[in-house]
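One-based numbering along the sequence shown.
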Amino acid sequence: MATNEARKSISSFMTEGGRTFPPPAGFAAKAHVKSFAEYQAMYDRSVNDPDAFWLEQAALLDWVKKPAKAREFTWNTDSRAINHTWYADGILNVSYNCLDRHLNGATAKKTALLWQGEPDEDVRAISYQDLHREV
């Protein structure tokens with residue numbers, strides 16, 4: 001490829017920022033966040049009322065003991081003291097949230113892991129039930 005063509009090609013990629021590619025309506029309808037407007041509203045809440053927003057997000061998990069406080073932090077760059085703690089008063093079983101809670105209902109038969117081996121045809125879809133049995 002000639003140098004002028006290469007430059008033209010690279011500069012063409014640099015102008016792609018203005019285009020958007022919205023998902024098909026049926027796909028968006030099944031998504032957790034269904035639109036950019038919904039995303040923007042969530043983002044705004046996370047910035048303007050972070051404690052309430054993150055406690056709401058924490059409610060999507062199954063807790064042994066639900067947290068009452070979302071975050072605690074120290075941010076002092078002068079003394080180099082920067083510490084963040086999330087959900088410190090909560091107790092969470094991460095393994096249960098990753099696997100066990102998906103065993104009831106239709107999700108149990110859905111794919112939890114898609115294993116790709118070599119050669120490319122060596123593929124295994126492992127359901128939550130199968131994964132639980134294997135673990």
Seminar exercise, completed: Residue pairs passing the salt bridge (charged side-chain N to carboxylate O under 4.0 Å, His left out) test with at least one member in residues 124-135, sequence neighbours excluded, are Asp130-Arg133
Exercise. In Å and rounded to the nearest 0.5 Å, what is the CZ to OG1 distance from Phe36 to Thr20?
Worked result: 10.0 Å
Exercise. So, Arg101 and Asp62, do they make that salt bridge, N to O below 4.0 Å?
Worked result: yes
Problem set entry | Lys69 side chain to Ala88 backbone, donor-acceptor under 3.5 Å | no
For this session: State whether the number of non-hydrogen atoms from other residues, nucleotides or ligands found under 6.0 Å of Trp75 atom CH2 is greater than 12.
Result: no
For this session: Answer yes or no: is there a donor N or O on one side and an acceptor on the other, between the side chain of Glu38 and the main chain of Lys34, under 3.5 Å?
Result: yes
Problem set entry | Within the 6.0 Å centroid threshold, strictly below: Tyr87 and Trp63 | yes
For this session: Determine whether Thr107 and Tyr128 make a side-chain contact, defined as any pair of heavy atoms from C-beta on separated by less than 4.5 Å.
Result: yes
For this session: Kindly say whether Ala68 contributes a backbone atom to a donor-acceptor pair with the side chain of Asp89 at under 3.5 angstrom?
Result: yes
For this session: Could you tell me the separation between the CG atom of Leu103 and the OH atom of Tyr96, rounded to the nearest 0.5 Å?
Result: 8.0 Å
Seminar exercise, completed: In terms of heavy-atom contacts, Asn76 and Ser79 come closest through OD1-N, 3.1 Å
Exercise. Taking the six-membered ring for Trp, are Trp54 and Trp86 parallel (under 30°), tilted (30 to 60°) or perpendicular (over 60°)?
Worked result: perpendicular
For this session: Go through the steps for Leu131 and Gln129 under the test side-chain contact (heavy atoms from CB on, under 4.5 Å), then give the verdict.
Result: CA-CA 5 Å; Leu131 184 59; Gln129 275 181 336; over 6 Å; no
Seminar exercise, completed: Shortest non-hydrogen pair, Ala70 vs Asp51, comes out as CB-O, 3.6 Å
For this session: Supply the atom-to-atom distance Leu61 CG to Asn93 CG, rounded to the nearest 0.5 angstrom.
Result: 11.0 Å
Problem set entry | Euclidean distance, Gln116 CD relative to Asp122 CG, rounded to 0.5 Å | 7.5 Å
